[in-house]
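Here's the structure we're looking at; comments come further down.
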Amino acid sequence: MADGCDCDRNALIYQTVDAALTLGLSIAHPVGNTASLPLQQAIGRVLAEECYSKVDMPAFDNSAMDGYAIRTGDLDEGPEFELPIGGRMAAGDSGVHNAPVGSALRIFTGAPVPTEFDAVLMQEDCSVIADRIRFSRRPKPGQHIRRTGEDLQVGTQILSRGCEITAREAAVLASSGHGRVKVYRKLRVTIFSTGSELREPDEVLGPGQIYNSNRYMLLALLNKPWIDLTDCGQIEDDPKLLKRVLEEACETSDLIVTTGGVSVGDEDHMPRLFKEIGGETDVMKVAMKPGKPIMFGRRGDALYVGLPGNPVSAYVTWQIIGSHIMARKAGLSHTQPVSEQAVLAEPLQRQAGRQEYRPVRIEGTSPEGTPQLRCLAASYSGRVALLAQSDGLAVIPAEIANLPEGHRVEFLRFNRLF
Ligand SMILES: Nc1nc2c(c(=O)[nH]1)N[C@H]1C(S)=C(S)[C@@H](COP(=O)(O)OP(=O)(O)OC[C@H]3O[C@@H](n4cnc5c(N)ncnc54)[C@H](O)[C@@H]3O)O[C@H]1N2
Ligand code: MOO
């Protein structure tokens with residue numbers, strides 16, 4: 001399949017993926033504004049402050065089990081032990097009790113353990129006869145008691161600035177007494193797809209027309225609680241129109257993401273138009289496959305990322321470069337993709353020159369537990385159906401052309417990308 005991807009004559013004048021990414025991150029300053037929100041409204045947003053626990057966790061000594069609290073000093077030699085039940089303590093009780101010395105306290109999980117009691121017996125280990133308990137194993141002092149502050153002490157840092165408040169962060173914030181938190185304001189992102197050939201998936205296609213897949217791919221990729229998205233849909237390859245939409249988007253957005261029109265054809269207007277509206281271009285071409293014509297730059301505080309039109313190229317360039325620029329701009333601190341090691345299930349020959357991100361499927365697992373990858377096609381930048389059949393991207397360094405079966409490669413799983 002001819003897809004415009006195999007011309008590497010100019011690869012040496014292109015920027016490397018690492019250099020482009022470093023540059024992109026250096027120009028993506030987090031949005032300045034922050035807001036203090038009630039925790040329930042802050043869920044999904046990006047934390048804009050360091051958070052410290054406001055309480056000891058646990059806040060008081062409490063029982064880890066339903067059973068009986070006792071004083072180990074009350075026990076005689078054994079082998080059988082017996083104590084009267086002298087009181088009762090449930091979760092939410094204050095911890096004040098009237099159990100006389102030498103008696104056990106009926107207790108439930110989460111209930112305060114009064115200081116004079118030093119062990120809790122699980123009820124499964126006791127038999128209850130009338131109002132007495134009998135048990136045969138001597139409990140260790142401290143058994144089944146969760147001590148004040150053993151999880152976290154008041155003042156300990158629980159979260160760093162720049163994390164996304166997902167379920168785990170929300171839980172620790174709530175448990176440590178944070179009813180409000182400071183978050184970055186939502187990132188204002190505008191998207192549009194350039195191309196006169198594009199139609200919506202519910203329309204009838206005319207000659208030379210295709211369905212716009214990049215629009216829906218970006219809508220899905222940018223569906224984040226910390227993004228305020230403006231979708232301008234499809235824009236014809238009309239320079240005047242494209243220029244107006246791009247200029248307006250630069251005035252109202254922190255980030256503009258477009259697809260198509262960044263290559264060298266007569267209808268590829270975006271680099272020139274961005275310059276004409278006063279934009280400064282930082283990167284024009286990257287030595288990556290797919291996706292060598294990716295551009296990004298800035299105009300005032302707004303960043304512009306122009307992705308190539310080919311759908312797989314657009315997806316890959318977004319995942320490898322664009323998404324990290326966006327994440328940094330939104331205030332997120334962890335922006336690098338998480339990769340793992342894998343091996344090729346078959347040999348691979350290719351043309352060296354560009355760092356390649358090839359769609360692969362996990363075929364099996366090696367005896368050492370490493371995923372074995374099968375490459376689905378050598379030429380794929382327009383084959384969007386392939387993405388849905390793949391598990392991730394195998395990263396092939398620019399200088400390598402021949403990779404034998406079993407060769408180790410870096411593997412980016414789709415479900416660990418943005
Ligand atoms: N002479 C050269 N031609 C091309 C080069 C080159 O270096 N020299 N690079 C090729 C590579 S690589 C790519 S990738 C494409 C990128 O071109 P553009 O970003 O300008 O994209 P378009 O030409 O607008 O579209 C390319 C291709 O993708 C289809 N497309 C565009 N938008 C969508 C969409 N929203 N949904 C689905 N498909 C879309 C479009 O119809 C084209 O087939 O340039 C090569 N050419
Ligand atoms: O078809 Mo191109 O190399 O992917 O961006």
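Start at 1 and go down the list; that is how both ligands and their atoms are numbered.
- Between D118 and R71 there is no salt bridge, since no side-chain N of the basic residue sits under 4.0 Å from a carboxylate O of the acidic one.
- Contact annotation for P290 and ligand 2: heavy atoms of both the backbone and the side chain come within less than 4.0 Å of the ligand.
- Inspection of the E280 and Y304 side chains reveals no N or O donor paired with an N or O acceptor under 3.5 Å.
- Donor-acceptor pairing under 3.5 Å is lacking for the side chains of R215 and S193.
- A salt bridge links E363 and R374; the closest N-O separation between the charged side-chain nitrogens and carboxylate oxygens is under 4.0 Å.
- One distance of note links CG of L105 with OH of Y68; it measures 10.5 Å at 0.5 Å rounding.
- The N/O atoms of E197, backbone and side chain alike, include one that comes under 3.5 Å of an N/O atom in ligand 1.
- Distances from ligand 1 to the non-hydrogen atoms of G261 include at least one value under 4.0 Å.
- Listed by atom number, the atoms of ligand 2 under 4.0 Å from P293 heavy atoms are 5 (O).
- Taking CZ of R244 as the reference point, atom CD1 of I277 lies at 13.0 Å (rounded to 0.5 Å).
- At a 3.5 angstrom cut-off on N or O pairs, S263 counts as close to ligand 1.
- In the vicinity of K292, heavy-atom distances shorter than 4.0 Å reach the ligand 1 atoms 7 (O), 9 (N), 12 (S).
- The proximity of N214 to ligand 1, defined as any non-hydrogen pair under 4.0 Å, involves the side chain as well as the backbone.
- Nearest-heavy-atom check against atom 8 (N) of ligand 1 across T194, V264, T258 picks out V264.
- At least one donor-acceptor pair under 3.5 Å links the side chain of R45 to the backbone N or O of Y184.
- The distance from atom CD1 of I165 to atom CG of L39, rounded to the nearest 0.5 Å, is 7.0 Å.
- For R168, the CZ atom counts as loosely surrounded, since its 6.0 Å shell holds 12 or fewer non-hydrogen atoms of other residues, nucleotides or ligands.
- Contacts between D268 and ligand 1 below 4.0 angstrom, taking non-hydrogen atoms only, involve the side chain exclusively.
- Heavy-atom proximity to S313, at under 4.0 Å, picks out these atoms of ligand 2: 1 (O), 2 (Mo), 4 (O), 5 (O).
- A donor-acceptor pair under 3.5 Å is formed between the side chain of E203 and the backbone N or O of E200.
- Considering backbone and side-chain N/O atoms, K289 never comes within less than 3.5 Å of an N/O atom of ligand 2.
- Considering backbone and side-chain atoms together, P308 places no N or O closer than 3.5 Å to any N or O of ligand 1.
- Ligand 1 lies less than 4.0 angstrom from a heavy atom belonging to P293.
- Set against the non-hydrogen atoms of S193, the atoms of ligand 1 under 4.0 Å away are 35 (N).
- Exactly one of I191, T317, L255, V283 qualifies for a side-chain contact (heavy atoms from CB on, under 4.5 Å) with V305. That residue is L255.
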| request: Would you sort out whether K329 and V189 count as a side-chain contact (heavy atoms from CB on, under 4.5 Å), showing the intermediate values? | output: CA-CA 11 Å; K329 186 95 178 142; V189 182; over 6 Å; no

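- Residue contacts with ligand 1: P311 is included, with a non-hydrogen atom under 4.0 Å away.
- The closest approach between a heavy atom of G382 and any atom of ligand 1 is not below 4.0 Å.
- Ligand 1 places these atoms under 4.0 Å from at least one heavy atom of I210: 37 (C), 38 (N), 39 (C), 41 (O).
- Close approach of ligand 2 to K292 is summarised as follows: ligand atoms under 4.0 Å from at least one heavy atom of the residue are 3 (O), 5 (O).
- Interface of G291 with ligand 2, defined as ligand atoms under 4.0 Å from a residue heavy atom, comprises 2 (Mo), 3 (O), 4 (O), 5 (O).
- Listed by number with element, the atoms of ligand 2 under 4.0 Å from a non-hydrogen atom of N310 are 1 (O).
- Here is the list of ligand 1 atoms found below 4.0 Å of a heavy atom in N212: 34 (C), 35 (N), 36 (N).
- Distances between N or O atoms of V262 and those of ligand 1 include at least one value under 3.5 Å.
- Side-chain rings of Y357 and Y315 stay apart, their centers remaining 6.0 Å or farther from each other.
- No more than 12 heavy atoms of other residues, nucleotides or ligands shown are found within 6.0 angstrom of CZ on R416.
- Each of the atoms 36 (N), 37 (C) of ligand 1 lies under 4.0 Å from some heavy atom of Y211.
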